[in-house]
Each structure stands twice: as C-alpha cells, then as structure tokens.
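All figures in this text were calculated on a predicted structure; none of them were measured in a lab. Just follow the structure's listing: the first ligand is 1, and inside any ligand the first atom is 1. Residue numbers run from 1 in the order of the sequence given.
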Amino acid sequence: MSLKLAITGKGGVGKSTLAGTLARLMAADGRRVLAIDADPDANLASALGLPEELRRTVHTISEERQLIEERTGAKAREFGQVFRLNPDVSGIAEQYGTAFEGTHLLVLGAAQQAGGGCACPEAVLLKALVRHLVLQRDEVVILDMEAGIEHLGRGTAMGVDLILAVVEPGQRSVETAHRIQTMARSLGIQRFAVVLNKSVSAEDRRWMAEEFGAESLLGIIPFDRRIAEADRRAVSLIDLGSEDLLLPFRQIQQILQQQFEKVEGGLR
Ligand SMILES: Nc1ncnc2c1ncn2[C@@H]1O[C@H](COP(=O)(O)OP(=O)(O)O)[C@@H](O)[C@H]1O
Ligand SMILES: [Mg+2]
C-alpha cells in the first residue's frame, strides 16, 4: 500500500504537527511510514514524539560529509567541482533514518544552493534521494516541507499523490498556499488540497472554502492550546492521550487513506 504526501505551507502554520501526527496515526494503523523532514527548519522529530535521548542520535543527511563524498564523488559545501549528477542513493534511508513507534524518520537538513541554477553535491544528493523515496517506495511517505514545491523537481512532484498546503486563518498563509497551488498547476499537478489549521470560527472556515473551493478543503483543525503545550513539552499529540484532540487528524487520515492510497493493482 502506498501513499505519497507532501505537506507544505508558510512557516509556523502547523506542517510538522500535521505531518508528525498523521505519520503516527497511520503507523498505529499498521502501515509502514517513512516520515521525511525536508524543511531546513527541521522539527518533525519532536512532532513525532521522539524522546530527547533518541532525538540526539538523529542523523541529518546534509551534514554527513563522508556519505556525501562517497556517493557524489565530491566534497560537501564546495562549489565548482565535478561530481556525479545521478548519485546512488540506495540504502541511505535505512542506514541514516531513525525508527520510532512504527515510523521511520529521515532528516534531510539544509543544502546550500549556488546561484545560477548550479548546485553543490549535497543538494544533488538530497534531490536524488527524495526522488528515489517518492518514486520507489511502496509505503506511506510523508514529506514535511518548507513553503513551496519548486525544490522537489517535476518528476518527484508528479510522483506525489497529493500536495497538501496547511493554512491558518490569516492572509499571509493563504497567499503562500495560493502561490503553491499555482506552482503545482504549472508543474501539471492537479492533486492539491488545503488543511485549515488553528481555526477559531465558522467565519474562517467559510473564508477558506471561498478562497480554495469547498472541494479542496480537505480538513479543519481547531485552534487548541493543548497542541502548543504538546510542542513545548516535545510530545506528540498521539501521546497526550486526548482522543477529542486527535479527532480532526483522524478524519484527515481517513480521507487520505480512502481517496489517495494505492493498493496493488491500481487506485482504490
Ligand atoms: N491547531 C493548533 N492549535 C494551537 N497551536 C497549534 C496548532 N497547530 C500548531 N500549533 C502550534 O503552532 C506552532 C507551529 O507548529 P508547527 O507544526 O511546528 O509548524 P510548521 O512545521 O508549519 O512550522 C507550534 O508551537 C504548534 O504547537
Ligand atoms: Mg515544521
């Protein structure tokens, strides 16, 4: 069974909260889940609820100089070198990922991008790795991304089942989501949906339905102080033990599994 989900949106809207909670819920449901932290401002580990001792052992791929050198044939963080544009990325997720409660976390880290479209070895390695994981894995893959999908590349973006933009009731996050939607369209991707997070009123629900169309509004998560509190304590929402808090996340999980999960032999 496979489901490839890219979660994006403006910083602070709740991408990692959604990505981490969905990953844990799907894993608890018996699915193999690969959770990829593709946001340079990485915080998926704590949203997944990894205890601090385990978080300290998590690898960040962009900082693994030896790995980068081995696979690309060039030194990390240096421009103007000759290196492999199609590095072998097999085994990296297994070796550098961290297993936790049925999920497998992989943290990509930040890659330096040179101007003029040329890239450093770690950027090429990360891109090839994400492409491989999205296109080859037969499992649930959840990408926790920064705002935007341009760094995915067209081939990888096409392999994603759904681009999910998280918005909060504010003009700025809505603008970011519109920009992402336009980008998705220009890449030829129609599967775009929005989750409204931190919702406080029926009015903001109406507003989002107007902005993106009711059919694109995949889920609504109310503002809840317990979610921010969980973040302060670095525990996952699933470990809080408040079933009412999880309900909107379970609804989103259900829709995703019903509408986008592929079973052997094609679409469900
Ligand atoms: N529904 C919510 N209600 C209250 N606080 C929330 C909610 N969703 C997220 N938060 C809080 O907002 C902050 C940003 O969330 P986070 O998931 O880290 O965002 P992102 O990954 O998009 O930057 C965190 O402190 C988180 O606990
Ligand atoms: Mg985040």
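Neither the backbone nor the side chain of L18 has any atom closer than 4.0 Å to an atom of ligand 1 (non-hydrogen atoms only). Proximity of P222 to ligand 1, defined as any heavy-atom pair under 4.0 Å, is confined to the backbone N, CA, C and O atoms.
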Stepwise side chain to side chain contact (heavy atoms under 4.5 Å, CB included) check, D29 with Q253
CA-CA 10 Å; D29 226 19; Q253 175 199 6; 3.5 Å; yes

Test D39 against L44 for side chain to side chain contact (heavy atoms under 4.5 Å, CB included), laying out the working first.
CA-CA 9 Å; D39 189 345; L44 184 55; over 6 Å; no

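Of the protein's non-hydrogen atoms, N197 OD1, 2.8 Å is the one closest to atom 1 (N) of ligand 1. If you check which protein heavy atom lies closest to atom 18 (O) of ligand 1, you get N43 ND2, 3.1 Å. Of all protein heavy atoms, the one lying nearest to atom 24 (C) of ligand 1 is D231 OD2, 3.0 Å. The protein heavy atom nearest to atom 23 (O) of ligand 1 is G12 N, 2.8 Å.
At a 3.5 angstrom cut-off on N or O pairs, K198 counts as close to ligand 1. At a 3.5 angstrom cut-off on N or O pairs, F223 does not count as close to ligand 1. The N/O atoms of D224, backbone and side chain alike, include one that comes under 3.5 Å of an N/O atom in ligand 1.
Ring geometry for F212 against F192 counts as tilted: the plane angle lies between 30° and 60°, on a 0 to 90° scale.
Salt-bridge annotation for E52 and R56: present, with a side-chain N of the basic residue lying under 4.0 Å from a carboxylate O of the acidic one. A salt bridge links R250 with E243; the closest basic N to acidic carboxylate O contact falls under 4.0 Å. We find that D204 and K198 are not joined by a salt bridge, their nearest charged nitrogen and carboxylate oxygen being 4.0 Å or further apart.
Between A228 and ligand 1 there is a heavy-atom distance shorter than 4.0 Å. For the pair A19 and ligand 1, no heavy-atom separation below 4.0 Å is found.
Looking only at side-chain heavy atoms (C-beta outward), M145 and L152 come within less than 4.5 Å of each other.
Taking only non-hydrogen atoms, the option from I227, D37, T17 nearest to atom 7 (C) of ligand 1 is I227. In the candidate list A47, G14, P248, G11, G14 is nearest to atom 19 (O) of ligand 1, counting heavy atoms. Closest heavy-atom approach to atom 20 (P) of ligand 1 among the candidates K15, R226, E229: K15.
Among D37, V141, T98, I61, the one residue that satisfies the side chain to side chain contact (heavy atoms under 4.5 Å, CB included) test with L106 is I61.
In this structure, I227 is not a member of the same hydrophobic cluster as V200, with clusters built from ILVMFWY side-chain heavy atoms closer than 4.5 Å.
At a threshold of 2.8 Å, the Mg ion (ligand 2) has no backbone or side-chain N, O or S atom of T17 nearer than that distance.
No donor-acceptor contact under 3.5 angstrom links the side chains of E203 and W207, judged on distance only.
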